[in-house]
Amino acid sequence: MEITAVIISIALLQYILFVIRVGLSRNKYNVQAPRTTGNEIWERLFRIQQNTLEQLVIFIPGMVIFTMYVSETWALLPGILFILGRQIYSGLYLKDPASRGPGMFLSFLSNIGLVIAGLIGIGLQLSA
């Protein structure tokens with residue numbers, strides 16, 4: 001479970017960095033709490049943070065289930081794809097939200113793969 005724990009921890013660290021970036025940029029873009037609108041660049045940063053949180057809700061349990069019922073070694077692949085996808089998403093979304101597709105695709109592909117493979121793994125164990 002160590003590989004999975006490391007991958008999840010890296011994904012959480014990435015998210016923490018997105019949170020810090022949003023918090024530190026409030027003054028720069030004059031978006032004082034509790035506001036969540038007011039500057040387009042800040043709104044993009046905030047949306048990157050929020051979308052990553054939404055994806056983590058699928059990713060973390062997906063990684064655990066995949067590890068338990070499929071393979072910890074193979075969990076490395078979708079784990080790395082997810083983290084890379086989030087980083088690509090962040091860079092592209094910040095530049096131009098319409099260009100976020102490749103990063104979103106990698107993250108979503110990772111999550112779909114984890115969930116479907118996890119379900120198959122559970123099904124195989126139940127039928128054995």
Side-chain angles (χ1 to χ4, degrees):
M1 192 80 170
E2 289 80 14
I3 293 171
T4 300
V6 168
I7 293 293
I8 290 171
S9 295
I10 292 169
L12 291 172
L13 181 60
Q14 181 183 51
Y15 177 70
I16 289 167
L17 293 174
F18 291 165
V19 169
I20 290 169
R21 182 171 65 175
V22 168
L24 292 176
S25 67
R26 278 191 176 276
N27 283 334
K28 179 179 180 180
Y29 296 109
N30 195 29
V31 181
Q32 301 307 312
R35 289 180 36 215
T36 57
T37 60
N39 177 281
E40 185 178 343
I41 299 300
W42 188 87
E43 289 173 17
R44 290 179 190 183
L45 292 168
F46 181 67
R47 189 64 199 130
I48 291 163
Q49 174 197 324
Q50 289 302 110
N51 187 268
T52 299
L53 178 61
E54 293 162 6
Q55 294 299 314
L56 282 170
V57 169
I58 301 165
F59 176 72
I60 294 171
M63 280 289 289
V64 172
I65 292 166
F66 185 97
T67 297
M68 290 173 61
Y69 293 97
V70 180
S71 165
E72 179 174 23
T73 303
W74 282 104
L76 192 60
L77 179 63
I80 289 171
L81 283 179
F82 179 84
I83 293 165
L84 285 173
R86 291 286 86 201
Q87 204 61 43
I88 292 167
Y89 176 87
S90 175
L92 293 176
Y93 195 97
L94 193 53
K95 190 162 72 174
D96 175 15
S99 71
R100 72 191 185 279
M104 189 64 207
F105 176 76
L106 280 178
S107 301
F108 193 68
L109 179 67
S110 171
N111 280 342
I112 291 284
L114 288 168
V115 171
I116 291 174
L119 282 170
I120 291 169
I122 292 168
L124 291 172
Q125 276 209 350
L126 287 173
S127 65

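Worth saying up front: this structure is predicted, and the values here are computed from it rather than measured.
- A continuous path of Ile, Leu, Val, Met, Phe, Trp and Tyr side chains, each step under 4.5 Å between heavy atoms, connects Val22 with Ile41, placing both in one hydrophobic cluster.
- Counting heavy atoms from C-beta outward, Phe82 and Leu56 have side chains that approach closer than 4.5 Å.
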Practice task
For the pair Phe18 and Gln50, evaluate side-chain contact (heavy atoms from CB on, under 4.5 Å) and give the outcome as yes or no after the intermediate values.
Solution key: CA-CA 9 Å; Phe18 291 165; Gln50 289 302 110; over 6 Å; no
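- Linking Ile, Leu, Val, Met, Phe, Trp and Tyr residues whenever their side-chain heavy atoms come within less than 4.5 Å leaves Trp74 and Ile116 in two separate clusters.
- Residues Ile10 and Gln14 are not in side-chain contact: their nearest non-hydrogen atoms beyond the backbone lie 4.5 Å or more apart.
- Looking at Arg86, its side chain never comes within 3.5 Å of a backbone N or O of Ile83 through a donor-acceptor pair.
- Atoms CG and CG, from Leu13 and Leu17 in turn, are 4.5 Å apart once rounded to the nearest 0.5 Å.
- Taken from CG in Leu45 to CG in Leu94, the straight-line distance is 5.0 Å, to the nearest 0.5 Å.
- Taking every heavy atom of both residues into account, Gly79 and Ser110 meet most closely at N-OG, 4.4 Å.
- Interatomic distance, CD1 of Ile16 versus OG1 of Thr52, reported as 12.5 Å (0.5 Å rounding).
- Two residues are said to be in side-chain contact when any heavy atoms from C-beta on lie closer than 4.5 Å; Ile7 and Ile80 meet this criterion.
- Note on Leu126: it clusters hydrophobically with Tyr69, by side-chain heavy-atom contacts below 4.5 Å among ILVMFWY residues.
- When the shell of 6.0 Å around CD of Glu2 is examined, it contains 12 or fewer heavy atoms from other residues, nucleotides or ligands.
- Here the CG atom belonging to Leu124 is positioned 11.0 Å from the CG atom belonging to Leu119, to the nearest 0.5 angstrom.
- Side-chain N or O atoms of Ser9 include one that pairs as donor or acceptor with a backbone N or O of Ala5 at under 3.5 Å.
- Connection of Val6 to Met68 is established within a shared hydrophobic cluster, with ILVMFWY side chains joined at heavy-atom distances below 4.5 Å, either directly or through further cluster members.
- Side-chain N or O atoms of Thr4 include none that pairs as donor or acceptor with a backbone N or O of Val64 at under 3.5 Å.
- By the criterion of side-chain heavy atoms lying less than 4.5 angstrom apart, applied directly or through intervening Ile, Leu, Val, Met, Phe, Trp or Tyr residues, Met63 is grouped together with Met1 in one hydrophobic cluster.
- What you find for Pro78 and Phe59 is that their closest heavy atoms are O-CE1, 4.2 Å.
- Taking all atoms of both residues into account, the shortest heavy-atom contact from Glu72 to Ile3 is OE2-N, 2.7 Å.
- Residue pairs meeting the salt bridge (charged side-chain N to carboxylate O under 4.0 Å, His left out) criterion with at least one partner in residues 21-43, sequence neighbours excluded, are Glu40-Arg44.
- Note that CG of Asn27 is 11.5 Å distant from CH2 of Trp42, once rounded to the nearest 0.5 Å.
- Around atom OH of Tyr15, more than 12 heavy atoms belonging to other residues, nucleotides or ligands sit under 6.0 Å away.
- The heavy-atom pair separating Phe66 from Ala75 by the smallest distance is CE2-N, 3.3 Å.
- Ser90 approaches Ile48 most closely through the heavy-atom pair O-CD1, 3.4 Å.
- By the 4.5 Å heavy-atom criterion applied to side chains, Val19 and Leu53 are not counted as neighbours.
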| request: Using the side-chain contact (heavy atoms from CB on, under 4.5 Å) rule, take Ile122 and Ile65 through it: C-alpha gap first, then chi angles, then the decisive distance, then the call. | output: CA-CA 8 Å; Ile122 292 168; Ile65 292 166; 3.8 Å; yes
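- To the nearest 0.5 Å, atom OG of residue Ser99 and atom OH of residue Tyr93 are 10.0 Å apart.
- When all heavy atoms of Val70 and Gly121 are compared, the pair lying nearest together is CG2-CA, 4.3 Å.
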